[in-house]
Protein chains: 2
Amino acid sequence: MQTASADIETAANLLKLLGDKTRLGIMKVVSEQECCVCEFVELFQMTQPAVSQHLRKLKDAGLVRETRRGQWIFYSLNSDHPQFGFVRSIIERIPNQTYKLDELAAQAKRICCD
Amino acid sequence: MQTASADIETAANLLKLLGDKTRLGIMKVVSEQECCVCEFVELFQMTQPAVSQHLRKLKDAGLVRETRRGQWIFYSLNSDHPQFGFVRSIIERIPNQTYKLDELAAQAKRICCD
DNA sequence: TCAATAAATAAGCATATACTTATATAATGA
DNA sequence: TCATTATATAAGTATATGCTTATTTATTGA
């Protein structure tokens with residue numbers, strides 16, 4: 001069993017990971033819909049490597065999952081994360097980002113693998 | 001009115017501030033009881049300046065209040081913070097630290113200004 | 001008035017973080 | 001097979017962060 005202080009450290013590390021506006025934005029977006037890297041690049045107006053590096057941190061922490069579909073790699077929320085309840089309680093309080101996804105769709109910039 | 005993206009940035013900055021085990025510990029402790037700096041020094045086994053610097057960040061962000069009582073400056077949770085609901089929802093999920101305060105009391109290291 | 005105690009601040013430093021550009025890897029489709 | 005597109009990774013860099021030690025400021029009580 002973990003000690004309480006280990007738990008507080010675990011929580012602090014999680015919060016630090018979410019304490020970046022790009023990563024927090026990614027987490028909110030993937031809580032609404034799966035997205036691929038090039039969509040995040042559009043959404044956040046960042047370079048592709050910068051987005052990839054944030055995604056890697058989230059993936060290393062087990063917060064997101066990746067699935068390749070053809071050329072694209074889609075990211076989604078990992079609801080099996082041991083602290084998922086904690087993570088969800090935070091994400092819930094972040095303003096909704098669906099309008100951003102809608103804007104992408106309006107510009108025909110969403111990726112669809114039907 | 002603030003834009004949603006400004007709000008997500010505000011949230012990220014709050015999470016970053018809480019994303020340090022010392023500051024998160026301080027926030028949990030002051031959510032249970034007022035404490036003065038020398039108590040935090042004992043609780044976290046850190047130097048006094050290191051503790052002071054963390055407290056300053058929390059105070060600058062408006063997360064804690066300070067009250068001088070004689071020689072000591074006591075810190076408490078600021079429940080008037082605009083994002084207090086968000087902050088509380090996080091603090092609630094952090095393991096209880098009262099046992100640490102009890103340990104201090106057992107060593108007669110708690111400060112009392114009656 | 002002055003020594004002791006509590007706390008804040010300043011300055012310096014090592015490490016962490018978030019980007020940049022360049023390049024490698026992987027999948028597609030002509 | 002090869003150009004194109006998507007993504008990851010590597011290496012470099014500027015800035016942020018969290019400590020350290022030294023010093024200043026504030027309060028108490030003899």
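Numbers restart at 1 for each chain; the letters A, B, ... are given by sequence-line order, proteins then strands. Just so we're clear, the structure is a prediction, and the values are computed from it rather than from any experiment.
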*asked:* Quick check on C/dA18: is either OP1 or OP2 less than 4.0 Å from any side-chain nitrogen or oxygen of A/K57?
replied: yes
_Closest approach to the side chain of A/R23, judged atom by atom: which nucleotide of D/dG18, C/dA18, D/dT7 is it?_
C/dA18
*From the options D/dA8, D/dA22, D/dA6, select the nucleotide whose nearest atom is closest to the side chain of A/V37.*
D/dA8
*Could you state the atom-to-atom distance from CG of A/D20 to P of D/dT15 in whole Å?*
18 Å
*Indicate, with a heavy-atom threshold strictly under 4.0 Å, whether B/Y75 touches base, sugar-phosphate, or nothing.*
sugar-phosphate
*Phosphate oxygens OP1/OP2 of C/dA7: is one of them under 4.0 Å from a side-chain N or O of B/S52?*
no
*Does any N or O donor sit under 3.5 Å from an N or O acceptor when you compare the side chain of A/Q48 with the base of D/dA6?*
no
*Using atom CZ of B/F74 as one end and atom P of D/dT27 as the other, report the distance to the nearest whole Å.*
15 Å
*Side chain of B/Q71: nearest nucleotide among D/dT21, C/dA7, D/dT27?*
D/dT27
*Over all heavy atoms of both residues, which pair between A/F40 and A/V51 is shortest? Give the atoms and the distance, please.*
CB-CG1, 3.6 Å
*Taking the nucleotide of DNA chain D with the closest heavy atom to each, which residue, B/H54 or A/R68, is nearer the 5' end?*
A/R68
*Figure out the CD/C1' separation between B/Q53 and C/dG12, and round it to whole Å.*
12 Å
*Tell me: CD of B/E9 to C1' of C/dA18, nearest whole Å?*
14 Å
*Round to the nearest Å and state the distance from A/I73 atom CD1 to D/dT9 atom P.*
9 Å
*Mind calculating the distance between CZ (A/F44) and C1' (C/dC19) to the nearest angstrom?*
16 Å
*In terms of side-chain heavy atoms of A/P49, which of C/dA7, C/dT9, C/dT21 is nearest?*
C/dT21
_Between C1' of D/dT17 and CG of B/L15, the distance in whole Å_ = 17 Å
*Between the two ends of the helix from C/dT1-D/dA30 to C/dA30-D/dT1, what is the bend in degrees, rounded to 10 degrees, where each end axis spans five pairs?*
10°
_For a quick check of understanding: with a heavy-atom distance under 4.0 Å over all strands, which category does B/E66 fall into, base, sugar-phosphate or nothing?_
sugar-phosphate
*Just checking, B/R93 and A/F86: is the charged tip under 6.0 Å from the six-membered ring centre and within 45° of the axis?*
no
*B/K59 or B/K16: which one's nearest nucleotide on DNA chain C is closer to the 5' end?*
B/K59
*Over how many whole Å does the gap from A/M46 atom CE to C/dT21 atom C1' extend?*
15 Å
